[in-house]
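Notes for the one structure printed next.
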Amino acid sequence: MFRNSYDNDSITYSPTGRLFQVEYALEAIKQGSASVGLVSKTHAVVVALKRSAEELGSYQKKIIRIDDHLGIALAGLAPDARVLSNFMRQQAMSSRMIYNRPIPISRVVSAIGDKAQRNTQTYGRRPYGVGLLVAGFDETGPHLFEFQPSGTVLEYFGAAIGARSQSARTYLERNFDQFPEASLEDLVLHGLRALRDTLAQDKELLAQNTSIGIVGLDTKFTLYDNDDVRGWLEKLGNVGSTRGRRPPEEREPEATEDAPVTDAPPPEETDTVEPIETDA
Amino acid sequence: MDHMPENWGRPRSEIYGVYNSAIHNAGPATHTQQPSITGTSVIALKYNKGVMLAADNLASYGSLARFTDQERLIKVGKETVVGISGDVSDMQYIELLLERLIIEDNYEQDGHNLRAPHIYEYLSRVMYNRRSKVDPLWNAILVAGKKDDGSPFLAYVDLLGVTYTSPSIATGFGAYLAVPLLRKIASDDGDEKNITEEQARAAIDECMKVLFYRDARSLDKYSVATVTTDGEVTIEQNVRCKDMSWRFAEHIHGYGTQKM
């Protein structure tokens, strides 16, 4: 309605004090498939649901290793995540080269936060269209940070971003008091359960579409994909979505029917009009 | 045959102007200096509870003992001491760099702070990069503190970008006179476990006395810094060499055969 006249560029406020371009960037994140992160006293874990555009295509990489002690999970515009992850790697390398120390997690996320904020205050530039969950381990222990296009960076015990992430967040909120003392195995299983709750109806967690990243005191950041996640999925047991089978009051609103512009190219146009599911 | 390279392949001077001989006489751009005001040795050794350093308070202008109140041991951050010998203006520049480094490091207040190994790596990069531009900071630096595992840390970096670490190190004349004395108690890694603070201090005082005897650009007034593995830094100033024997000088006149 009225909001359209104040959303032409990133540097214009609306009369109610909002920056619409930044809010639209947050919408781009919601189009991407889910990523979940959680932290215990000893480890930080990220798990992500990979999406593929078509049956014969590869699955979009969702977790990126930045350094031995640090990695990210993304949701949203994957190319923007690539640019930010390259920048983070430069920062991490620089810290090791100049100071001979692994970069503190809070410092690297401040650096990308400042970088993102610049794009919300410069004419002609657009905000980054990706949200990141930054999982790392430094001198002050394991950390999980959520990065948003606005430049906001907050630390969390557990977080989820992307499509249907509210279901994951609900699981995390119900169980987070078990996280600090959890073993690594239990922590990963909690993450997978939260991720499972973001699945669309009749979908399941498979070796091809599930990605796990783990970092801890004596554990360098390790990425598990494809065959390496089978073990975890077996431990999980039930890998199928519970959507559509839950009592009505617990069901969250269905994803929008807009074509995704994010980590998968939009599905092809078809002659018949049918709802376009974002998790095809 | 024309033997002048300036003329080879040249068009005629009447049309294009006379050859600019600055081109022929030019060499590479060079910035290597000579140091002007200098500090002499810095000496240090590890002991069972940390590291001890000493450096005298003299800033020499060649053979003139120009300033006798120059402090050359710097506390950096909470738990690190840096001792600098060589050119004093470059030392002051390094002090400035370190001050700025610590200020920036403290912006975040996030529980992460630069410690000795980090400051050492930073200084090594600065020194090596300056040498690679052939514009060195004319200094030799000792960095002392503690490592991430809590054990004492002591390392050296100089104007050439040379780096090394050892339980006992000294710069300048100290490398020749003090290191053999320090190595009597601290020569191999691990020796520091058996050295008490008193023994370390005795060794330091002895070395500073020997340096005053033999280093012609030294002073008998010096500072002693102690960095413990508990993270305490103390710098004792205005320490003087004690119990020196100058009796041999009583009967010396001049420099060689002079009798009066």
Side-chain angles (χ1 to χ4, degrees), chain A residues 39 41-42 44 66-70 87-88 90-118 132 134-147 151-157 180 215-221, chain B residues 76-80 82 94 96-133 137 141-157 161-165 229 231:
Chain A
V39 101
K41 282 215 179 92
T42 52
I66 304 292
D67 196 347
D68 284 342
H69 67 301
L70 168 56
F87 177 76
M88 290 172 84
Q90 284 171 347
Q91 297 289 306
M93 270 202 292
S94 187
S95 178
R96 283 200 191 263
M97 181 161 186
I98 299 176
Y99 302 111
N100 190 23
R101 77 166 172 181
I103 191 162
I105 315 301
S106 53
R107 296 208 183 179
V108 68
V109 299
S110 295
I112 48 171
D114 290 345
K115 193 169 159 70
Q117 190 279 342
R118 241 165 267 139
L132 303 178
V134 182
F137 192 99
D138 61 26
E139 276 177 8
T140 48
H143 298 279
L144 174 72
F145 284 88
E146 181 183 317
F147 159 90
T152 312
V153 171
L154 290 171
E155 192 166 2
Y156 286 83
F157 294 112
V215 66
L217 175 61
D218 295 312
T219 317
K220 288 192 186 167
F221 187 89
Chain B
V76 180
K78 289 207 196 76
E79 306 175 338
T80 312
V82 174
I94 291 168
L96 185 65
L97 286 181
L98 292 173
E99 192 185 331
R100 285 182 189 157
L101 187 69
I102 297 300
I103 288 173
E104 272 202 34
D105 186 46
N106 283 328
Y107 284 160
E108 299 267 342
Q109 296 286 311
D110 56 359
H112 291 276
N113 290 103
L114 293 170
R115 291 185 304 278
H118 314 136
I119 292 165
Y120 174 64
E121 192 73 29
Y122 171 76
L123 282 177
S124 305
R125 293 279 158 222
V126 170
M127 297 301 277
Y128 181 72
N129 275 293
R130 288 294 297 257
R131 90 108 218 199
S132 299
K133 295 198 288 190
L137 292 166
I141 303 170
L142 296 187
V143 180
K146 66 175 189 188
K147 290 192 222 158
D148 286 341
D149 64 9
S151 61
F153 174 89
L154 175 61
Y156 166 102
V157 60
V162 169
T163 55
Y164 52 86
T165 172
T229 47

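Protein chains get the first letters and strands the later ones, always in sequence-line order, with residue 1 at the start of each.
- Contact tally against chain A (heavy-atom pairs below 4.5 Å) for B/R115, B/H112, B/R125: the top residue is B/H112.
- Among residues two or more places apart in sequence or in another chain, the side chain to side chain contact (heavy atoms under 4.5 Å, CB included) test is passed with B/K78 by B/N113.
- Residues of residues 135-147 of chain A having a heavy atom under 4.5 Å from any heavy atom of chain B, listed by number: A/D138, A/E139, A/T140.
- Residues from residues 99-108 of chain A that place a non-hydrogen atom less than 4.5 Å from a non-hydrogen atom of chain B comprise A/Y99, A/N100, A/R101, A/P104, A/S106, A/R107, given in numerical order.
- Contact annotation for B/I119: neither backbone nor side-chain heavy atoms come within less than 4.5 Å of a heavy atom of chain A.
- Looking at A/S110, the atoms closer than 4.5 Å to chain B (heavy atoms on both sides) all sit in the side chain, from C-beta outward.
- Residue-environment remark: CZ (A/F157) stays at or below the threshold of 12 foreign heavy atoms within 6.0 Å.
- Residues of residues 145-153 of chain B placed with any heavy atom under 4.5 Å of a heavy atom in chain A are listed by number as B/D148.
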